[in-house]
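Just so you know, ligand 1 is whichever comes first in the structure, and atom 1 is the first atom listed for that ligand. Predicted model only: the values in this text are computed from it and were never measured.
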Amino acid sequence: MFQLMYVSTATRKMANDDLCSILEVSRAKNNRLDVTGLLLHLDYGFLQILEGPKDAVLEIFGAIARDHRHTGLRILFQRDVPERLFGNWTMGFDRWTKDAPRTAGMFEITADAIHNIILPEKAVEIAVLLRNFYRVNAGSCAA
Ligand SMILES: Cc1cc2nc3c(=O)[nH]c(=O)nc-3n(C[C@H](O)[C@H](O)[C@H](O)COP(=O)(O)O)c2cc1C
């Protein structure tokens, strides 16, 4: 099992419809390729974790990296792992805002990652924090 986490910056402001169309395509393709993970969107930043068979993760990441809806992709880690963190989600999604109480505790560290000022060795910790944070609450774009 292989896991990859990256951050990037949206090339324009993302409306709900933009995000939902990304998710719709993502969930279908990830499901087909046995890839799971989490996508967070905050300000103009994206943070995504992809996990699954190595070939599949790299194939999907290759397509993502060519996508003009975002730029400045930076891989925070890629590694072999014994098991998935987000096994039930073809792509869990949440859109964060600075003032939402639910995400306040997680906001700063993830914002640091997105805004490019986190130490790479902290990234694995963030992935595990996010998994614990989202054990109950998997945000959906259909809301
Ligand atoms: C921030 C972001 C995250 C994305 N995440 C995924 C994803 O998890 N899985 C996926 O298949 N496509 C994802 N996409 C869409 C891909 O970039 C691409 O449009 C899609 O995989 C179709 O690629 P293809 O036409 O080469 O098959 C994402 C796009 C963006 C901008």
When distances are taken from atom 3 (C) of ligand 1, the protein heavy atom at minimum range is Gln48 OE1, 3.4 Å

Euclidean distance, Leu4 CG relative to Phe77 CZ, rounded to 0.5 Å:
7.5 Å

Check the hydrophobic clustering (I, L, V, M, F, W, Y; side-chain heavy atoms under 4.5 Å; chains of links allowed) and say if Leu58 and Ile64 are grouped together.
yes

Applying the side-chain contact (heavy atoms from CB on, under 4.5 Å) criterion to Val81, which one of Glu83, Arg79, Arg84 satisfies it?
Arg79

If you measure from CZ on Arg27 to CG on Leu39, what distance do you get to the nearest 0.5 Å?
9.0 Å

Return yes or no for this condition: an N or O of Ser8 is under 3.5 Å from an N or O of ligand 1.
no

Using a 4.0 Å heavy-atom cut-off, which part of Val35 comes near ligand 1: side chain, backbone, both, or neither?
neither

For the NZ atom of Lys54 and the CG atom of Asp80, what is their distance to the nearest 0.5 Å?
5.5 Å

In short, Thr36 meets Phe86 closest at the heavy-atom pair CB-O, 3.2 Å

Numbered atoms and elements of ligand 1 in range of Leu50, under 4.0 angstrom, heavy atoms
8 (O)

I need the nearest protein heavy-atom contact for atom 13 (C) of ligand 1: residue, atom name and distance, please.
Ser26 OG, 3.1 Å

Could you list which atoms of ligand 1 come closer than 4.0 Å to a heavy atom of Met91?
8 (O)

Are Met1 and Ile60 connected in a single hydrophobic cluster, I mean Ile/Leu/Val/Met/Phe/Trp/Tyr linked by side-chain heavy atoms less than 4.5 Å apart?
no

Determine, using the 4.5 Å side-chain heavy-atom cutoff (strictly less than), whether Leu73 and Ile75 are members of one ILVMFWY cluster.
yes

Counting from 1, what ligand 1 atoms have a heavy atom of Arg69 closer than 4.0 Å?
15 (C), 19 (O)

Selection from Asn31, Leu39, Ile22 by shortest heavy-atom distance to atom 31 (C) of ligand 1:
Ile22

Any N or O of Lys29 closer than 3.5 Å to N or O of ligand 1
yes

Does some non-hydrogen atom of the protein lie less than 4.0 angstrom from atom 25 (O) of ligand 1?
no

Minimum-distance protein heavy atom relative to atom 15 (C) of ligand 1:
Asp67 OD2, 3.7 Å

Just jot down the ligand 1 atoms closer than 4.0 angstrom to any heavy atom of Ala63, in number order.
17 (O), 21 (O), 23 (O), 26 (O)

Any N or O on Tyr6 sitting closer than 3.5 Å to an N or O of ligand 1?
no

Give, for atom CD1 of Ile49 and atom CD of Gln3, the distance between the pair rounded to the nearest 0.5 Å.
6.5 Å

Is there any N or O on Asn30 that sits under 3.5 Å from an N or O of ligand 1?
yes

